[in-house]
Novice: 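Have a look at the structure that comes next, please.
Chain letters run A, B, ... following the sequence lines, proteins first and then strands; every chain starts at 1. Basis for what follows: all heavy atoms, side chains included, without hydrogens, waters or symmetry-related copies.
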Amino acid sequence: MGSLPETIPDYLHGLNPVQLDAVRHQGGPLLILAGAGSGKTRVITYKIAYLIRECGIQPRSILAVTFTNKAAGEMRERAASLAPGASECMIRTFHSFGAWFLRRNHERAGLPAGFTIYDDDDVVQLLRSLFPDESKPHLNAQSRAISRAKDYALYPGNDLSAVTHQHEELRDVYRRYHERLREIGNVDFGDLILRPLELLRRDEAVRTRIQQRFRVVLVDEYQDSNVAQFELLRALVGSDSYLCVVGDDDQSIYRFRGAEVRNILTFHEQYPGTTTVRLEQNYRSTGSILNLASEVVARNEGRLGKRLWTEREDGPLPQLAFLSDAEAEVEFCVRILQADARYSNTAILYRTNAQSRLFESEFLRRGIPYRIVGTLRFYEREEVKDVLAVLRLLANPRDEVSFRRIVNKPARSLGLKSVDRIVDVALAGGGDLLDALAAAVPGLTKKAEKARAELDGVFASLTGAVEGSSLSVLVERAAEETGLREYHASQDEYQGSGKVANIDELVNAAGLYGSGREALAEFLEMIELDANRDTAAEDGEAVTLITMHNTKGLEFPRVIITGLEEGLFPRGADEGPGEIEEERRLFYVAVTRAENELYLTSCRYRRLYGRITEYAPSRFLGEIPPELLETLGSGTSSRRIPAASGDPGFGRQGIPAAGGTVSDRLRSASDAEDWEEADDLPPGAGVYHDDYGLGVVQKRWRKGTNVMVRVGFENGRIATFIPRYTPLERVSIDE
DNA sequence: CAATTCGGGATCTGC
DNA sequence: TCCCGAATTG
């Protein structure tokens, strides 16, 4: 690596001293612990520029890995503006890097050139064709377990008990899935990491070549990496490569899909000689927002520890509103929105996508413009997946999942039986389904036989078009000649959906690619991996509706975090302490999105599966020192705020309501509900049960004529009771 | 083989 | 409450 320049180049002058250290660091491994809003992207992009401009590193020997395409795109753009050569760097997501690598080495990796990527839905379909008698929920669970196993780099032969309790069953399911997927010649998301890892481990020539190519490896959002990615990184980084990872252990929120916080917590052990740099100055939020965030996350045990600070002033205190129900919550948000002409200043955050519904319908009704980030992903739409299935089948004719998807859509009298016969013929002869379609298939009815011949004609013609015409023409013809376009057009007609428009969008997108098999594979890869590109225009005055997970990396002048109720957020109230810590980190992420103003809302009643359920306020509210926020309408709370205690899973006290506050007025409507039989057992109340001991009421709802309560006990048990029949003694649980 | 109806169960987060 | 899959019927 080049020598340190004597003077600091001009373009680095905007950096603070710690950032500058991180940018100029050379030699051994570097871990940058970058707090929320600490200018992380800035540091990475400046570092890329610095490596190119000052250290004489070839741009093409720099690999930067991110977790989302959005982050990759942003990094690419910003780096290129600092150092023109940076456009030659390889800046990709882990998965997209894996796909690139496999595409380039497909032969050595044992894959056909036209392999495509199966998403979760495809995986379930494949499992379904292997185990037709299993229920869908069960297959969903198996698919999740398999993908989790792959996150941990586990194979069917490994001990899978970490992934599921039914590991014997999973082993068999996983094994058959694994074999079938190899026969088909496609990969799933996990394979995009695992198969490059396998190849690098077993093929020294490939490993040496790639290690020589990438002299510098940068990883963003390292706290979200999983075990397989950790291993891949290790195989990728040679002894003379420079490795720099950037992340924030406090923002690790993807455990459910295999992210392993330990990767970042133990990085310095895995890579001896690591230099650690902490970016703790926050440039985003006011002091009072940061105070609140820090207080909450400080309760987590498993963290490296870091305290954000800011030069900004304290600003207004975050506000907390207790509301009666989700309708009142919408109303509350609307009022905040109306205090400011700029809708785009505000983001409304929620834990689950389902919560967006009420906001959508109300905003639609009132003419409040909004945009939803990341719910319906473009390629997951039915019509898009249909057309893609045709294309994928052209790319890889052994793709059984895609074949089954479109063979009888629109209906052409090829039912399950006939399709099975065709697939059987294919399996008997190498697995090529398009060949089977062209062959004589025994046992078909006259009608089915005619349909088979027709479909064969369609695919023969499309196959011919793969090399001959441009990709957008191919996509167009694929939609047209299979009848999918017409099929969806008629759906549009009586549903008023915009399916054809989406197909057109797909045709458009294909226009950016060339022609031929390679372009086709590249296009399909982009669609699969760049899942949530917004079809709607980004700009314009609109409120943002978004899940907390999706806000990672974003910021807004004003943030409203909704649904702070025990059981909704944190969600995994009945799971282990690890789950709660993860939820707490998610809360931290959500809070630190806010630049100037922060609002928190908590509803007493919420409709769940058509039933009205009463919830206790989120325990996180009890973890905030009262002086750090303003409870709406008065200085005192109008509802029981859970008091924090040493044991994060337990303990809160009943503070009787203080009347006459704004929040009281806001929640008038549904309070009229009577809960006679369990009147002294509202959520948050302490109870004693003869067998289970001390507990806290988590939820209360109606079932038929009975009132039910769900109680979380000190010993970790969760149980549901009908208070009318079960003796539950109301107790005070103050220490 | 396709269309209609009915009943039971429930996606939490997402590359 | 809503949606999907199974059973039923044409």
Novice: Would you mind classifying the nucleic acid contact of A/D120 as base, sugar-phosphate or nothing, using non-hydrogen atoms under 4.0 angstrom?
Specialist: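 Since a base atom lies under 4.0 Å of A/D120, the category is base.
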Novice: Specify the separation, in whole Å, of atom CG of A/N140 and atom P of B/dG14.
Specialist: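 For the pair A/N140 CG and B/dG14 P, the rounded distance is 16 Å.
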Novice: Which whole-number value in Å describes the distance from A/L529 CG to B/dC15 C1'?
Specialist: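 So the two atoms are 8 Å apart, to the nearest Å.
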Novice: Classify the side-chain pair A/Y155/A/E198 by whether it contains a donor and acceptor separated by less than 3.5 Å.
Specialist: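 Looking only at side-chain atoms, A/E198 and A/Y155 do form a donor-acceptor pair, the distance falling under 3.5 Å.
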Novice: Whether the side chain of A/R257 and the base of B/dC15 hold a donor-acceptor pair under 3.5 Å is what I'd like checked.
Specialist: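 In this structure, the two groups form no donor-acceptor pair.
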Novice: Could you give me the CA-CA distance, side-chain angles and deciding distance for A/E505 and A/R381, then say whether salt bridge (Lys or Arg N to Asp or Glu O under 4.0 Å) is met?
Specialist: CA-CA 12 Å; A/E505 169 86 19; A/R381 290 161 206 257; over 6 Å; no
Novice: If a protein heavy atom is under 4.0 Å from the base, mark B; if only from the sugar-phosphate, S; if neither, -; do that for nucleotides 1-10 of chain C going 5' to 3'.
Specialist: BS--S-----
Novice: Looking across every strand, which nucleic acid part, if any, lies under 4.0 Å from A/F67 by heavy atom: base, sugar-phosphate, or nothing?
Specialist: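 Contact class for A/F67: sugar-phosphate only.
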Novice: Compare the ring of A/Y254 with the six-membered ring in the base of B/dT13 and state whether they stack (centres under 5.5 Å, planes under 30°).
Specialist: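 Here the ring of A/Y254 and the base of B/dT13 are not stacked, as the 5.5 Å and 30° limits are not both satisfied.
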Novice: Would you tell me if any nitrogen or oxygen in the side chain of A/S418 comes within less than 4.0 Å of OP1 or OP2 on B/dC1?
Specialist: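 Yes, A/S418 has a side-chain N/O under 4.0 Å of OP1/OP2 on B/dC1.
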Novice: Check the surroundings of atom CZ in A/R262: do more than 12 heavy atoms from other residues, nucleotides or ligands lie under 6.0 Å from it?
Specialist: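 No, not enclosed.
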Novice: In whole angstrom, give the distance that lies between atom OH of A/Y118 and atom P of B/dC15.
Specialist: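 One finds 21 Å between P of B/dC15 and OH of A/Y118, rounded.
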Novice: Specify the separation, in whole Å, of atom CG of A/N550 and atom C1' of B/dC12.
Specialist: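 Whole-Å distance recorded here is 12 Å.
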Novice: Go through B/dA2, B/dT13, B/dC15 for me and flag the one nearest to the A/F189 side chain.
Specialist: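 Looking only at heavy atoms from C-beta outward on A/F189, the closest nucleotide is B/dC15.
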Novice: Starting at the 5' end of DNA chain B, which residue's closest nucleotide do you reach first, A/F256 or A/L414?
Specialist: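 Here A/L414 is the residue nearer the 5' end.
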Novice: Give A/F94 one of three labels, base, sugar-phosphate or nothing, depending on what nucleic acid heavy atoms sit under 4.0 Å from its own.
Specialist: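 Since no nucleic acid heavy atom lies under 4.0 Å of A/F94, the category is nothing.
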Novice: Measure CE/A/M548 against P/B/dG14 and give the value in whole Å, please.
Specialist: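 Whole-Å distance recorded here is 11 Å.
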Novice: Would A/F267 and A/Y222 count as a close aromatic pair, with their ring centres under 6.0 Å?
Specialist: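 Yes.
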Novice: Working note: A/K499 + A/D386, criterion salt bridge (Lys or Arg N to Asp or Glu O under 4.0 Å); need CA distance, chi angles, decisive distance, verdict.
Specialist: CA-CA 11 Å; A/K499 289 168 185 276; A/D386 287 346; over 6 Å; no
Novice: How many whole angstroms separate atom CD of A/Q223 from atom P of B/dC15?
Specialist: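 Taking atom P of B/dC15 as the reference, CD of A/Q223 is at 15 Å.
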Novice: Determine, step by step, whether A/K446 and A/E449 satisfy the salt bridge (Lys or Arg N to Asp or Glu O under 4.0 Å) criterion, reporting the C-alpha distance in whole Å, the side-chain angles of both residues, the deciding distance to 0.1 Å, and the verdict.
Specialist: CA-CA 5 Å; A/K446 249 210 179 106; A/E449 173 55 27; over 6 Å; no
Novice: Show your reasoning for whether side-chain contact (heavy atoms from CB on, under 4.5 Å) applies to A/N186 and A/R392.
Specialist: CA-CA 10 Å; A/N186 276 353; A/R392 299 206 305 189; 5.8 Å; no
Novice: Given A/D191, which partner from the list A/K150, A/H95, A/H178 fulfils the side chain to side chain donor-acceptor pair (under 3.5 Å) test?
Specialist: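 It is A/K150, the one option of A/K150, A/H95, A/H178 that forms the side chain to side chain donor-acceptor pair (under 3.5 Å) with A/D191.
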Novice: What is the distance, to the nearest angstrom, from the OH atom on A/Y350 to the C1' atom on B/dT13?
Specialist: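 Going from OH in A/Y350 over to C1' in B/dT13 covers 12 Å.
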Novice: Distance check: side-chain N/O of A/N226 vs OP1/OP2 of B/dC15, anything under 4.0 Å?
Specialist: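 Answer no for this pair, as no side-chain N or O of A/N226 is under 4.0 Å from OP1 or OP2.
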Novice: Verify the contact: side-chain N or O of A/N408 to OP1 or OP2 of B/dA2, cut-off strictly under 4.0 Å; return yes or no.
Specialist: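 The answer is yes; a side-chain N or O of A/N408 sits under 4.0 Å from OP1 or OP2.
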Novice: Quick one: is A/N69 getting a side-chain N or O under 4.0 Å of the B/dC15 phosphate, OP1 or OP2?
Specialist: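 Answer no for this pair, as no side-chain N or O of A/N69 is under 4.0 Å from OP1 or OP2.
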Novice: Let me know the distance between CG of A/D224 and P of B/dT13, rounded to the nearest Å.
Specialist: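 Interatomic distance, CG of A/D224 to P of B/dT13: 17 Å.
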Novice: Using the C1' atom as the point on both nucleotides, what is the distance between C/dC4 and B/dT13, in whole Å?
Specialist: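 One C1' to the other, the span is 22 Å.
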